[in-house]
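Only heavy atoms go into these numbers, but all of them, side chains included; no hydrogens, no water, no symmetry mates.
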Number of protein chains: 2
Amino acid sequence: MDNLNKRLTESLENYLETIAMLKRENKIARVKDISKELDVKNSSVNIALNVLADKGLVIHEKYGYVDLTEEGQKIADDIQHKEDVLVKFFTEILGVDQEIALKDACRMEHTISDETLAKLIFFIGKIGREGNKRKK
Amino acid sequence: MDNLNKRLTESLENYLETIAMLKRENKIARVKDISKELDVKNSSVNIALNVLADKGLVIHEKYGYVDLTEEGQKIADDIQHKEDVLVKFFTEILGVDQEIALKDACRMEHTISDETLAKLIFFIGKIGREGNKRKK
DNA sequence: TAAAAAAGTTATATTAATCTAACATTTTTT
DNA sequence: AAAAAATGTTAGATTAATATAACTTTTTTA
């Protein structure tokens, strides 16, 4: 288990996120589902899973299901949270089209810092409260 | 000249942006300046310049200066504009620290869509006008 | 102006992420 | 339960971006 606390690549983050999503929607994640979702080949998924397993982020028994470790799940949740915040900001505050907002968020979720995310969350909250005030 | 209108990689965009910046600040750009700025080796710069020259975005005479073509300059300006808008939003509206804002913007400038950028510019303008109103 | 230093280039290697093709295992169907 | 289909794995290739090391050209300096 390669446990140096280095940042994951965007690609590996996407694998974690996808596995978490599949578990949420289908209860289980299989290689085939992941490759379909990410539009890559099974062989690519396999290689990525080996890397992630090596880092202690996924569990993958040969020919079996794919699961996230606690740490892997935490990372996936973190990225999903970033995506959700970005999508909300883009659609509800900027008025960006849903599809474009999602596409942008899925790329930016890998690069926004925790500091900027925190400020963005605060800002969204503030704008929301101002909006309510006006409606009263 | 490989003139398929495909999107550039983040790395190549960074080279264009850096060359544009050096031209702006120093009048000229040299391999050494680019490598220093991007923290890569001269040999890496060379390879990138060959790729960019092949795409008709830079001009690079052997052992000579590096310049941008009109198209290369246009792309560089576009990326720089995205960076400026993002930095402005992060610092002036969200209140993010200057250094972190710049770091985030330098990554996100490669992924934000034109649509989202346009909405963000509009939003910044609107917030600015509201701010002025209050001050009156 | 010749030697030394700096800058630039080329050849070769490495890493990450992907692919295709061949092979292995599991699941489904008849 | 045997054959066929689906799924998963492995081996080997490719592409992009980088590095190191050796080499070339240009610039500086003594």
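- Interface remark: the B/Ser43 side chain does not form any donor-acceptor pair with the D/dT18 base, using a distance-only criterion of under 3.5 Å.
- Nucleotide D/dG8 holds its P atom 14 Å from the CG atom of A/Asn50, rounded to whole Å.
- Residue B/Asn46 contributes atom CG, which lies 15 Å from atom C1' of C/dT12 at whole-angstrom precision.
- In this structure, A/Asp104 CG and B/Asp114 CG are separated by 9.5 Å, a value rounded to the nearest 0.5 Å.
- Residue order along DNA chain C, read from the 5' end via each residue's closest nucleotide, puts B/Ile47 first among B/Ile47 and A/Lys41.
- A/His60 has no side-chain polar atom (N or O) that falls below the 4.0 Å cut-off from OP1 or OP2 of D/dG8.
- With respect to A/Lys88 and A/Asp84, no salt bridge is recorded, no charged nitrogen being found less than 4.0 Å from a carboxylate O.
- Between the CG atom of A/Leu49 and the C1' atom of D/dT10 there is a distance of 14 Å, rounded to whole Å.
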Which protein N or O atoms sit under 3.5 Å from an N or O of nucleotides 25-29 of chain C?
| residue | atom | partner | partner atom | Å |
| --- | --- | --- | --- | --- |
| C/dT25 | O4' | A/Tyr63 | OH | 3.4 |

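- The side chain of A/Asn42 places no N or O atom within less than 4.0 Å of a non-bridging phosphate oxygen (OP1 or OP2) of D/dT7.
- Applying the side-chain hydrogen bond (donor to acceptor under 3.5 Å, both in side chains) test to pairs two or more places apart or on separate chains, those with a residue in residues 37-51 of chain B are B/Ser35-B/Asn42.
- Here B/Arg7 pairs with B/Glu13 in a salt bridge; the nearest charged N to carboxylate O distance falls below 4.0 Å.
- For the pair A/Lys36 and A/Asp33, the salt-bridge criterion is not met [side-chain N within less than 4.0 Å of a carboxylate O].
- Side-chain contact between B/Lys55 and B/Leu12: present, with at least one pair of heavy atoms (C-beta onward) separated by less than 4.5 Å.
- Shown for residues 9-38 of chain A: residues whose heavy atoms fall under 4.0 angstrom of DNA chain D, namely A/Arg30, A/Val31, A/Lys32.
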